[in-house]
Participant: 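Have a look at the structure that comes next, please.
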Amino acid sequence: MYENLNSMQREAVFCTEGPLLILAGAGSGKTRVLTHRAVYLIEEKGVNPYHILAITFTNKAAEEMRERIDKLVGFGSESIWVSTFHAACVRILRRYIDRLGYDNHFTIYDTDDQKSLMKDVCKNLQIDTKVYKEKMFLGVISSAKDELVSPEEFTRRAVGDFVKEKQAEVYREYQAQLHKNNALDFDDLIVKTVELFRHDAEVLNNYQERFRYIMVDEYQDTNTAQFELIRLLADKYRNLCVVGDDDQSIYKFRGANIRNILNFEEIYPDAKVIKLEQNYRSTQNILNAANFVIANNVGRKPKSLWTENSEGEKINFQRLDSAFEEADYVVRDIQKKVREGKCSYGDCAILYRTNAQSRLFEERFVVSNTPYRVVGGVNFYARKEIKDLLAYLKTIDNGRDDLAVRRIINVPKRGIGAATLGRVQVYATEMDISFYNALKMADDIPSIGRAGIKIKPFVTLIQSIRSKLEYLGVSQILQEVIDETGYVKELEAENTDEAKARIENIDELISKAVAYEDSAEEPTLSGFLEEVALVADIDSLQQGNDYVVLMTLHSAKGLEFPNVYLAGMEDGLFPSYMTIISDDPMEIEEERRLCYVGITRAMTKLTLSCARQRMIRGETQYNKVSRFVKEIPGNLLGGAESGQGEARELPARSFRQAGSKVNPIFTVGNAQSKPYQKKPYQSTSFSSNATNSISLEYGNGDRVKHIKFGEGTVVQIVEGGRDFEVTVDFDRVGTKKMFASFAKLKKV
DNA sequence: GTTAGAAACAATCCT
DNA sequence: TGTTTCTAAC
């Protein structure tokens with residue numbers, strides 16, 4: 001098993017005791033090393049899997065690692081903890097956070113929640129949000145938490161500085177509000193776990209004894225708080241193995257502290273350092289380009305990647321007249337390659353710097369009927385209808401989450417307005433009780449008068465569903481909420497495309513709840529809510545689907561594709577305007593690392609593209625070719641304008657006047673997708689070579705079984721684009737319409 | 001208390 | 001250009 005590893009990889013696998021730093025270049029097989037290392041620990045060293053902790057960067061990476069270990073060892077892999085920092089912390093906090101004075105049923109606030117909480121905080125403190133933006137405070141607080149700076153510490157450091165004192169005040173109040181709502185934000189998950197370990201020796205010792213072997217992937221992206229967490233855990237047995245690449249550090253904005261990797265040997269003087277420099281992924285040309293680009297950074301650990309792979313094709317560089325044409329070129333190029341049998345759609349990825357760039361590509365994909373998928377952008381769980389329903393679940397689960405209660409108190413409309421809510425809030429504050437508890441006592445609040453009659457049904461609703469918690473599953477509770485509130489009914493009545501898309505989203509949420517019940521060992525409402533809070537869009541990306549994927553360079557980290565397009569290679573876009581005008585030269589270096597990450601995603605073919613002219617927020621910009629393109633020697637490049645990018649105007653291009661509308665197809669008014677709408681491609685059917693088109697194993701009149709609704713008879717099947725809409729008359733629950741891919745009906 | 005239309009505003013990247 | 005907030009009319 002260990003023979004397919006090279007000597008360096010083997011050394012890393014066999015070095016199990018003591019601190020170990022693995023500097024693993026892009027594509028050098030670090031995931032293989034980590035999985036084999038886990039296997040080696042279990043099989044050769046006789047380590048109980050129970051004693052192993054592996055931290056990955058995304059849930060997807062965690063899943064993959066677990067699967068791979070699973071394949072290599074017969075049994076026991078399920079008792080290894082493989083998870084992200086955040087997921088691991090939630091698991092620990094669910095058990096012990098009561099020791100920090102929180103309730104174990106805490107809720108997790110996402111960015112939206114944080115924003116509305118901050119709004120309240122600013123209102124309470126009478127801060128003019130025109131002068132000091134909520135976003136600024138949230139940014140400051142987040143950075144403080146990344147660095148483990150508590151509100152008290154922050155306050156101490158702020159003395160004498162007017163603005164900082166204000167920030168400290170906000171930080172304190174924000175934290176107090178979170179506590180009052182029994183909620184944690186993302187950063188708190190890490191901070192509170194560190195706090196717990198520092199504050200409670202018994203708990204710390206518990207976990208130190210458990211996690212005798214610790215591995216951390218993507219170590220260059222850990223922040224100070226995460227480092228401290230790991231340091232505490234590893235302090236007893238000191239079997240800490242971290243894997244990273246300083247050249248791929250791209251999360252400074254999230255607090256990633258590059259010193260963690262650069263100073264590892266100072267913190268652990270007895271650390272062993274192993275470098276993995278052989279690349280197995282890319283062609284010579286691609287790797288050379290990456291090496292030339294990254295060589296322009298100063299202050300990196302010296303290393304040189306090499307490969308035994310062939311030279312491969314030249315890197316294709318294209319400079320188009322406009323962003324429309326850029327999108328058009330890329331999509332056509334993909335289709336050409338697929339037609340020629342050079343690759344499949346699933347081999348292709350389009351990577352860009354900003355999410356906004358995806359739109360033009362989407363439009364081209366839609367009109368050309370090409371299967372694609374956008375990763376990132378608006379999170380599924382951030383959509384209004386989903387957040388509404390989740391707010392109901394949160395209220396049922398944790399009555400102390402004021403934010404959730406206030407979100408849904410008037411959804412659907414109950415005629416309770418801002419004035420009433422204000423009065424309830426005043427009462428709650430005076431009595432020092434939660435918003436929900438104040439609602440329960442609506443009758444006793446003199447100021448609200450008749451409005452109390454409107455509040456009562458809401459409280460009764462929540463109480464009645466809450467009383468069913470004991471014997472109903474998560475999906476049934478969700479269904480109960482939907483039925484009792486009439487949420488879906490109201491949408492059905494609207495009968496618009498938008499409403500239909502929302503209903504479809506809700507159906508998907510139900511499926512997710514069902515799936516959760518099936519997979520979790522001990523399904524609980526809290527468990528479901530936290531799983532939902534911690535998923536990233538990238539987690540759902542599956543291998544083997546035949547569609548082109550579009551995503552930001554950040555999301556692409558850790559992935560690889562045979563055919564990669566880096567779009568928007570323009571100064572001002574990539575590197576971004578913000579980093580160009582910044583006076584900190586390190587910011588450009590981070591962009592360059594991002595470029596390095598992008599280039600090294602490609603296995604056989606890499607295309608760089610840019611546009612002379614592009615519309616950004618309604619304004620037309622004329623950008624120069626990205627400086628990163630110019631850092632690649634001309635002999636590695638091919639394409640329309642190879643060599644030293646500065647464009648000579650080719651005569652063939654000037655037939656079209658600058659600024660004129662390029663192609664009427666792009667200007668169709670309603671072509672843009674709004675976040676709640678179905679993505680355009682979902683309503684058009686794919687051409688026949690798309691492999692994910694489904695066929696049904698049942699037909700009209702057949703008896704089928706649904707995981708939740710039980711058995712029933714198929715009444716109608718309507719083909720709706722990529723999916724079938726199936727109407728089933730269920731024996732127990734009556735007639736339901738559903739989409740075949742969500743419903744997972746089984747013929748009986 | 002609700003709604004639609006107008007005006008203001010925004011600058012990446014993400015668990 | 002796209003989204004959020006404000007304002008005025010119902």
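By convention in this document, chain letters (A, B, ...) are assigned in the order of the sequence lines, proteins followed by strands, and residues within each chain are numbered from 1.
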Participant: Walk along nucleotides 5-10 of chain C from 5' to 3' and tag each nucleotide B, S or - by protein heavy-atom contact under 4.0 Å, base first, then sugar-phosphate.
Facilitator: S-----
Participant: Please name all residues satisfying side chain to side chain contact (heavy atoms under 4.5 Å, CB included) with A:A88, sequence neighbours left out, ordered by chain then number.
Facilitator: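 Only A:I55, A:W81, A:S83 meet the side chain to side chain contact (heavy atoms under 4.5 Å, CB included) criterion with A:A88.
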Participant: Taking salt bridge (Lys or Arg N to Asp or Glu O under 4.0 Å) as the test, write out the residues that go with A:D120, two or more places apart.
Facilitator: A:R406
Participant: C:dC6 and B:dA11: how far apart are their C1' atoms, nearest whole angstrom?
Facilitator: 23 Å
Participant: Applying salt bridge (Lys or Arg N to Asp or Glu O under 4.0 Å), name anything that partners A:R94, two or more places apart in sequence or on another chain.
Facilitator: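 If we apply the salt bridge (Lys or Arg N to Asp or Glu O under 4.0 Å) test to A:R94, skipping adjacent residues, the hits are A:E530.
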Participant: Going by side chain to side chain contact (heavy atoms under 4.5 Å, CB included), name the residues that satisfy it together with A:V459, two or more places apart in sequence or in a different chain.
Facilitator: A:Y436, A:L439, A:K440, A:I455, A:Q463
Participant: Compare side-chain N and O positions of A:R414 against OP1 and OP2 of B:dG1 and report whether any pair is under 4.0 Å apart.
Facilitator: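 Looking at the OP1 and OP2 atoms of B:dG1, neither is under 4.0 Å from any side-chain N or O of A:R414.
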Participant: Please name all residues satisfying side chain to side chain contact (heavy atoms under 4.5 Å, CB included) with A:S143, sequence neighbours left out, ordered by chain then number.
Facilitator: none
Participant: Scan residues 131-146 of chain A for pairs that pass salt bridge (Lys or Arg N to Asp or Glu O under 4.0 Å), counting only residues two or more places apart or in two chains.
Facilitator: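 Residue pairs with at least one partner in residues 131-146 of chain A: A:K145-A:D185, A:K145-A:D188.
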Participant: Considering residues at least two apart in sequence or located in another chain, which fulfil the salt bridge (Lys or Arg N to Asp or Glu O under 4.0 Å) criterion with A:K384?
Facilitator: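 Counting only residues at least two positions away or on another chain, A:K384 forms a salt bridge (Lys or Arg N to Asp or Glu O under 4.0 Å) with A:D388.
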Participant: Below 3.5 Å between N/O atoms, which protein atoms pair up with nucleotides 3-5 of chain B? Just atom names and distances, please.
Facilitator:
from, atom 1, to, atom 2, distance (Å)
B:dT3, OP2, A:K413, NZ, 3.1

Participant: Taking the same atom, C1', in B:dT12 and in C:dT5, what whole-Å distance lies between them?
Facilitator: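 To the nearest whole Å, 24 Å.
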Participant: Summarise how protein sits on nucleotides 10-15 of chain B as a single string, 5' to 3': B when a protein heavy atom is under 4.0 Å from the base, S for sugar-phosphate-only contact, - for no contact.
Facilitator: BBBBBB
Participant: Would you please name every residue forming a salt bridge (Lys or Arg N to Asp or Glu O under 4.0 Å) with A:E147, sequence neighbours left out?
Facilitator: none
Participant: Could you work out, with side chain to side chain contact (heavy atoms under 4.5 Å, CB included) as the rule, every residue matching A:L421, not counting sequence neighbours?
Facilitator: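 Here the qualifying residues are A:I409, A:I416, A:F435.
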Participant: NA contact type, A:T420, heavy-atom cut-off 4.0 Å: base, sugar-phosphate, or nothing?
Facilitator: sugar-phosphate
Participant: Side chains of A:Q226 and A:E228 only: does a donor on one sit below 3.5 Å from an acceptor on the other?
Facilitator: no
